[in-house]
Amino acid sequence: MQDLDSAVERLLNRPNKLDADFIAALQSRLAHWHHGPSPHWWVDVAVVMQRESTNEIVDIVGLVPENRLTSAHLEPVANGGQVAATARVSMATLLKLNDLPSVLSLHFLSDVKPSRGLPPAGAAEPTTQAHPPRLAHTQIAAIIDYGCPFAHAVLRDSSGGTRIAAIWDQDSRPEFAATSGTVPTGFGYGRQLQKADLDRWVTAATSGASVDEDECYRLAEYPAMESSATHGCLALGVLADALAQRGVPNTVPILFVQLPRAVPMAPSRGSIERSIYDGLRYLLACAPNGAQVSVVVDYGSELGPHNGRGWFELAVEEMVASAKADRSVELWVVFASGNSYQTQRRAILFGQQPGAYVPTAQPPAALLAWDLPPDNDSPSWLEVWWPPEWSPGPIQMVSPGGISLTIEIGTAAQHGRGPLDADFAVVWCFKHWVQTSDTQLLIQLPPTSAAADVRCAAGRWTLDFGPRPEGVTGQVDVYTQWGGKNLGFPQRMWPSTLVAISSAAHVTGSGGVVSSACGQRVVVVGGHERWAPADRAAYSADGPVRTLTGATPVNWLAPSEDSPSDPGLLCHASRSGHYMRGRGTSFAAPQVAAALLAIGGLVPSRAGIAPSTHVPDNSAPRLA
């Protein structure tokens, strides 16, 4: 670990060059993925540089054959002569880029990956490129997820082929046979397969009227379909059934964007937003002018400003608006709201909430406990948001063993390492969000698992935020990750818990909608109980988020529970005729996406929806 520690320290000593989220993510990935001697590390970054320095960057990246620089995202940045490009580089190359005066900043785009230790994957990306297929259909259903059962009976068309018009696997080591597919032009990575490619495998595995789906996926060399179910299988099956129930003809094609494996393997730290954004761009590239495109997004970043003003939410708003204005394309981005309500993962400090402190002349300190469970294989994080009028003071953080640390707010990044109960490490990041003028503190702790190379103690961590400054209004918002298990992947994180230990703090499940879904031009879906439509599912994220109006972002509720005795919905597994139960808002969102195509996008405006309370009900309209 010594060489890796040295590299991290060198990066952390340049707080003004590197993006703060990038530093936190880099540290956690290096700590978590180290297994055995001398691994080789790769990271995807956005390089913001002076326009005239492009050739210099190309030369440095090109020194290592395994590096990759694509001009697919080479676009002007707001400030004059600056440009940005994406690159996949080694740690050594990253250090060289960070040393260049012409490189203005480096931004984290995806998980840092070792050259070994990941699940089996295709041999390499294809060497040929092709434009995304431009479909002729004016109605298109789409989903961004993981694992596409393209040979499943509910996904076949009248000719016996698949309804899946294209799959784009975004992974840097994509699945499917190495001789198949192309790199989508304009994106520069991953593997896309069109209906003709998929139909060849379906046909080869067909005998009479029967398709041997095991043989089909073996021929395709598609490891994701070795599983009895994936998240994408269940969600895609719900989407196909909902399209049929709403009377949408099965001639309407379905597009599938497969997320990189790193997204469902580990809790998202923000890298997922780049994958979703590129996925939406790809889907629009496949749509003809005048089309209606309804996209299901069942994953979202838990990190962000939680008020719709982050880069991703604003970029999606611009994408939806420009698609309508420039090409008459109706793009409906349908987000699952998330399953975090019961986990009580949001805290409000100094806020006007039930049971919370009401300001007086001498406000008490806000004290919050953060309980970390044992055996977490992934890092845990907690983020704190101050409104623009606040100048945050130092925070006192005490470990389960009683050792105290003072977090000084005021530098771009801090890194502390010391003997706190175990090999303790923590990353603090201070960020100023231009869009909102809010400030964020991100505290990240390593895994608590005894098997981790770098670990921290499980148990109760306490944070003392001090009193509210005299004369200052507003509230402070605290969030922690949801945790949980992604279908088809091992449980690597259990949810941590927030506990208020002073009257100036209030812990609530309200406002736990995934941050990616807080934009103003997306459709957000929660779940309700089919036998009692008035009751929102107890886990369904809901409630006011960090907006000036306090409005809830949930537009619709759809059934996510259909029996009081068995949890969830009965969904199609990865093979025809096999079923399993899927529970969560991920399986409510496809129902609304199908309804949008059937009824022409008649979505109520946010202004007409009253905010929810902590009581499990909601005034948003419901699908039966």
Side-chain angles (χ1 to χ4, degrees), residues 139-158 160-167 169 195 198 201-202 205 210-214 216-217 220 222 224-259 264 294-299 334-336 339 485-489 525 527 530 537 558-563 566-598 623-624:
Q139 281 196 314
I140 299 170
I143 187 168
I144 300 176
D145 213 305
Y146 181 84
C148 177
F150 62 87
H152 199 286
V154 299
L155 296 173
R156 291 187 212 138
D157 59 21
S158 57
T162 181
R163 284 182 70 181
I164 305 298
I167 297 175
D169 180 2
K195 175 176 165 58
L198 306 175
W201 290 317
V202 174
S210 174
V211 177
D212 184 339
E213 294 169 51
D214 290 340
C216 176
Y217 301 133
Y222 192 12
M225 286 299 100
E226 294 175 3
S227 174
S228 60
T230 65
H231 194 278
C233 289
L234 272 62
L236 191 53
V238 172
L239 177 63
D241 284 346
L243 289 169
Q245 292 165 5
R246 295 281 169 182
V248 178
N250 73 350
T251 54
V252 168
I254 300 175
L255 296 169
F256 193 96
V257 173
Q258 179 161 298
L259 294 166
S294 188
V295 185
V296 180
V297 183
D298 278 336
Y299 290 84
V334 184
F335 264 98
N339 307 317
K485 180 180 184 295
N486 287 317
L487 189 65
F489 291 85
V525 182
R530 193 186 298 274
S560 60
E561 297 287 329
D562 63 6
S563 167
D566 292 319
L569 303 178
L570 192 63
C571 302
H572 297 283
S574 63
R575 300 298 187 270
S576 301
H578 290 195
Y579 300 87
M580 69 176 294
R581 288 197 167 268
R583 192 178 200 201
T585 58
S586 292
F587 311 113
Q591 300 173 57
V592 172
L596 292 173
L597 286 177
L623 291 185

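Atom set for the values below is all heavy atoms of this structure, side chains included, hydrogens, waters and symmetry mates excluded. We count residues from 1, following the sequence as given.
Rounded to the nearest 0.5 Å, atoms CG (Asp145) and OG (Ser586) are 7.0 Å apart. Here the NE2 atom belonging to His572 is positioned 8.5 Å from the CG atom belonging to Leu155, to the nearest 0.5 angstrom. The distance from atom SG of Cys148 to atom CD1 of Ile143, rounded to the nearest 0.5 Å, is 8.5 Å. Separating the CD1 atom in Ile254 from the CD1 atom in Ile140 is a distance of 11.5 Å, to the nearest 0.5 Å. For the atom pair CD1 of Ile144 and CD of Gln258, the computed distance is 12.0 Å after rounding to the nearest 0.5 Å. Here CZ of Phe256 is found 9.5 Å from CG of Asp169. Values are rounded to the nearest 0.5 Å.
Leu243 approaches Ala141 most closely through the heavy-atom pair CD1-CB, 4.0 Å. Nearest approach of Leu569 to Phe587, heavy atoms of both residues: CD1-O, 3.8 Å. Between Ala165 and Leu255, the shortest heavy-atom distance links the atoms CB-CD2, 3.8 Å. Closest approach of Ser576 and Glu213 over heavy atoms only: OG-OE2, 2.7 Å. What you find for Gly584 and Ser560 is that their closest heavy atoms are O-CB, 3.6 Å. Listed here is the closest heavy atom pair of Val296 and Asp298: CG1-OD1, 3.6 Å.
Between Val202 and Cys216 there is a side-chain heavy-atom pair separated by less than 4.5 Å. Using a 4.5 Å heavy-atom threshold, the side chains of Cys233 and His578 count as separate. Put simply, the side chain of His152 does not reach to within 4.5 Å of the side chain of Leu236, judged on heavy atoms. Annotation: side chain of Val525 is in contact with side chain of Val334 (closest heavy-atom distance under 4.5 Å).
Of the possible polar contacts, one joining the Tyr217 side chain to the Ala151 backbone as a donor-acceptor pair under 3.5 Å is found. Here the side chain of Arg163 pairs a donor or acceptor atom with the backbone of Asn250 at under 3.5 angstrom. Counting only distance, with no hydrogens or angles, the side chain of Gln139 and the backbone of Leu597 share a donor-acceptor pair below 3.5 Å. Checking side-chain atoms of Ser574 against main-chain N and O of Ser228 turns up a donor-acceptor pair under 3.5 Å.
Taking the six-membered ring for Trp and thresholds of 30 and 60 degrees, Phe150 and Trp201 have ring planes inclined between 30 and 60 degrees apart. Under the 30°/60° scheme for interplanar angles, the aromatic rings of Tyr299 and His231 are found to be tilted.
For residues 579-593, the salt bridge (Lys or Arg N to Asp or Glu O under 4.0 Å) pairs, not counting sequence neighbours, are Glu561-Arg583, Asp562-Arg581.
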